[in-house]
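Single-structure report; data block below.
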2 protein chains.
Amino acid sequence: MQGHSQPLQNSTAIVANHTPTQNQLLNALSAEVQQRLFPHLERVEMPLGKVLYESGDVMRYVYFPTDCIVSLLYVMENGSSAEISVVGFDGLIGVALFMGGESTTSRAIVQSAGFAYRLLGQRLKDEFNRHGELLHLMLRYSQALITQMAQTAVCNRHHSIEQQLSRWLLLSLDRLKDNHLVMTQELIANMLGVRREGVTEAAGRLHKQGVIDYSRGHILVTNRAKLEQLSCECYAVVKAETDRLLPIQARS
Amino acid sequence: MQGHSQPLQNSTAIVANHTPTQNQLLNALSAEVQQRLFPHLERVEMPLGKVLYESGDVMRYVYFPTDCIVSLLYVMENGSSAEISVVGFDGLIGVALFMGGESTTSRAIVQSAGFAYRLLGQRLKDEFNRHGELLHLMLRYSQALITQMAQTAVCNRHHSIEQQLSRWLLLSLDRLKDNHLVMTQELIANMLGVRREGVTEAAGRLHKQGVIDYSRGHILVTNRAKLEQLSCECYAVVKAETDRLLPIQARS
DNA sequence: TTAACTCTGTGCGCTATCGTACATAGCAGC
DNA sequence: GCTGCTATGTACGATAGCGCACAGAGTTAA
């Protein structure tokens with residue numbers, strides 16, 4: 001294989017007629033909205049490896065790629081990582097801006113060099129902020145849900161069944177009134193996407209460590225603090241982000 | 001462990017003063033919006049195992065749980081599954097309704113029995129539909145992104161490195177102009193959250209099967225059709241859903 | 001040309017998880 | 001109390017992926 005010394009040089013031919021409509025989302029807008037929005041777009045270069053934002057950063061811009069690819073990457077505490085999503089000319093980077101969360105728990109990094117148009121986040125928000133309270137609440141919740149999904153993906157990749165079971169128990173507990181769950185190991189296995197036997201073993205270990213009691217479809221968490229220790233970071237990340245996005249009064 | 005013969009019986013004590021505000025999202029709304037919305041809410045029982053919607057179903061209602069838990073579950077072609085997300089009194093089921101997609105690729109199933117309030121989807125949409133075209137486009141894109149994340153989670157759980165590499169190559173290819181990627185195996189490994197050696201081995205197998213050529217940071221896909229065969233269902237699912245949600249003209 | 005560096009290939013022992021099979025234990029209904 | 005069903009426990013070989021170590025191949029710079 002040869003002849004790829006300058007793989008992106010063909011893009012120079014395209015530069016001449018670069019236009020925002022090379023991004024599918026921008027292209028899908030009506031002429032009216034395009035006329036209102038396009039004057040505020042700024043064409044920017046997207047070199048390989050450029051970080052658009054880090055986990056927790058408040059975003060200033062949304063980016064509409066034309067011929068680059070950007071990865072949404074989750075980086076764990078120990079440094080290992082997993083890609084959550086890929087964005088190209090078909091999408092945009094920065095949904096958190098109009099979702100209302102302002103930041104996310106992932107990093108956005110350019111995976112294939114090229115160009116994009118960026119738009120000051122405030123412009124986009126201005127476009128939305130006329131709208132109702134209900135909408136904004138729903139959007140913020142959606143972002144929390146997205147965070148949970150992203151973390152599930154990471155957890156599936158990197159953590160042991162015991163850690164995932166701990167995370168799962170905590171997530172369920174947070175949505176119940178007491179420390180008692182009605183749930184068979186078989187069903188938990190379906191949820192986690194693992195064998196039932198794997199759950200049996202992990203539950204046995206949690207029991208030996210004095211964290212849970214259980215019997216035929218009933219699970220009682222007896223030491224929640226320790227369960228949180230045994231869980232991976234995923235639980236805490238999701239909880240913190242959910243609390244940030246939806247700072248509602250404490251659970252009753 | 002005993003004394004759990006009727007685990008949910010304590011909820012009977014709560015039934016007396018059931019109110020929509022037991023759901024955090026509904027509770028977070030202003031009195032004004034609550035007054036407009038609450039008359040349309042209908043309290044419904046959520047028995048264990050009840051399926052609120054299947055993958056692809058058009059949703060009629062959004063559900064606001066008060067004391068039940070609902071799992072968003074992705075079911076694969078071979079029947080195995082993985083939970084994508086959990087929803088309780090902190091959230092709602094049916095974001096696709098206001099996202100604009102009407103349906104999702106996951107199943108919603110009651111994991112812990114209880115109650116919820118439901119709202120006819122059209123009511124919610126009426127509340128949103130006054131708003132702009134840009135908003136709706138952004139929301140639909142967000143749903144496509146959510147689909148991709150959910151599928152990443154499933155893929156991480158169930159599929160081999162070779163399948164995931166195939167999926168990843170296809171996702172990248174769709175966002176480029178030719179069949180040529182500039183990407184080291186090391187970086188791909190970071191993206192997939194696996195060892196670099198694992199990528200080397202999988203890439204070697206793809207090469208032996210005549211699907212790709214590669215050399216030091218360059219990958220050329222020579223047989224895309226076969227690559228799609230070798231990929232897991234995840235690629236096709238994401239592509240189909242993205243095309244459904246954002247039916248924009250074919251890539252140039 | 002040589003040196004330094006980066007990327008890729010390969011081997012090896014280790015571990016978690018899988019697939020399968022079967023044994024036991026708790027609960028429900030007759 | 002017996003029967004049958006469902007949930008849980010356990011064992012065992014197979015395997016995918018890991019961590020590590022190092023070799024070779026390609027690329028860049030001196």
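Note on naming: letters A, B, ... go to the chains in the order of the sequence lines (proteins, then strands), and numbering restarts at 1 for each one. Remember, it's a predicted structure, so these values are computed and weren't measured experimentally.
- Residue B:H218 contributes atom NE2, which lies 16 Å from atom P of C:dT6 at whole-angstrom precision.
- In this structure B:R157 satisfies the salt bridge (Lys or Arg N to Asp or Glu O under 4.0 Å) test with no other residue, sequence neighbours excluded.
- Shown here are the side-chain hydrogen bond (donor to acceptor under 3.5 Å, both in side chains) partners of A:E45, two or more places apart in sequence or in another chain: there are none.
- The side chain to side chain contact (heavy atoms under 4.5 Å, CB included) check on B:L170 picks up B:R224, B:L227, B:E228, B:S231, B:Y235, with sequence neighbours excluded.
- Atom CD in A:E186 sits roughly 13 Å away from atom P in C:dG19 (whole-Å rounding).
- With sequence neighbours excluded, no residue satisfies salt bridge (Lys or Arg N to Asp or Glu O under 4.0 Å) with A:E186.
- In this structure B:S103 satisfies the side-chain hydrogen bond (donor to acceptor under 3.5 Å, both in side chains) test together with B:R244, sequence neighbours excluded.
- Remark: P of C:dT8 and CE of B:M183 are 11 Å apart, rounded to the nearest angstrom.
- Residues from residues 160-168 of chain B with heavy atoms under 4.0 angstrom of DNA chain D, sorted by number: B:S160, B:I161.
- Legend: residues meeting side-chain hydrogen bond (donor to acceptor under 3.5 Å, both in side chains) with B:R205, ordered by chain and number and at least two apart, are B:E162.
- Of the possible polar contacts, one joining the B:H207 side chain to the B:I212 backbone as a donor-acceptor pair under 3.5 Å is found.
- Scored by the side-chain hydrogen bond (donor to acceptor under 3.5 Å, both in side chains) test, B:R118 finds B:E42, B:Y61 as partners (sequence neighbours excluded).
- Under the rule for a salt bridge (Lys or Arg N to Asp or Glu O under 4.0 Å), A:R216 has no partner lying at least two apart in sequence or in another chain.
- Here the straight-line distance linking atom CD1 of A:I109 with atom CD1 of A:I93 works out to 12.0 Å at 0.5 Å rounding.
- Nucleotide C:dG9 holds its P atom 12 Å from the CG atom of B:L206, rounded to whole Å.
- Atom CD in B:E201 sits roughly 12 Å away from atom C1' in C:dC12 (whole-Å rounding).
- Checked by atom type and distance alone, the side chain of B:T66 never pairs as donor or acceptor with a backbone atom of B:F89 at under 3.5 Å.
- Nearer to the 5' terminus of DNA chain D, by closest-nucleotide assignment, is the contact made by A:T184 (compared with the other of B:R205 and A:T184).
- Residue A:L165 comes nearest to A:V199 through the heavy atom pair CD2-O, 4.4 Å, listed as atom of the first residue, atom of the second, then distance.
- Phosphate proximity of C:dT6 to B:Q185: absent, as no side-chain N or O sits under 4.0 Å from OP1 or OP2.
- If you check every strand for non-hydrogen atoms under 4.0 Å, A:G198 touches nothing.
- Rounded to 10 degrees, the angle separating the terminal axes of the helix from C:dT1-D:dA30 to C:dC30-D:dG1 is 30°, with each axis obtained from five end pairs.
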For nucleotides 20-25 of chain C, tabulate all protein N/O to nucleotide N/O atom pairs closer than 3.5 Å, reporting atom names and distance.
residue, atom, partner, partner atom, Å
C:dT20, O4, A:E197, OE2, 2.9
C:dA21, N6, A:E197, OE2, 3.3

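- Nucleotides of DNA chain D with any atom under 4.0 Å from a heavy atom of chain B span, from 5' to 3', D:dG17 to D:dT27.
- The two atoms that bring B:Y214 and B:T200 nearest to each other are OH-O, 4.2 Å, heavy atoms only.
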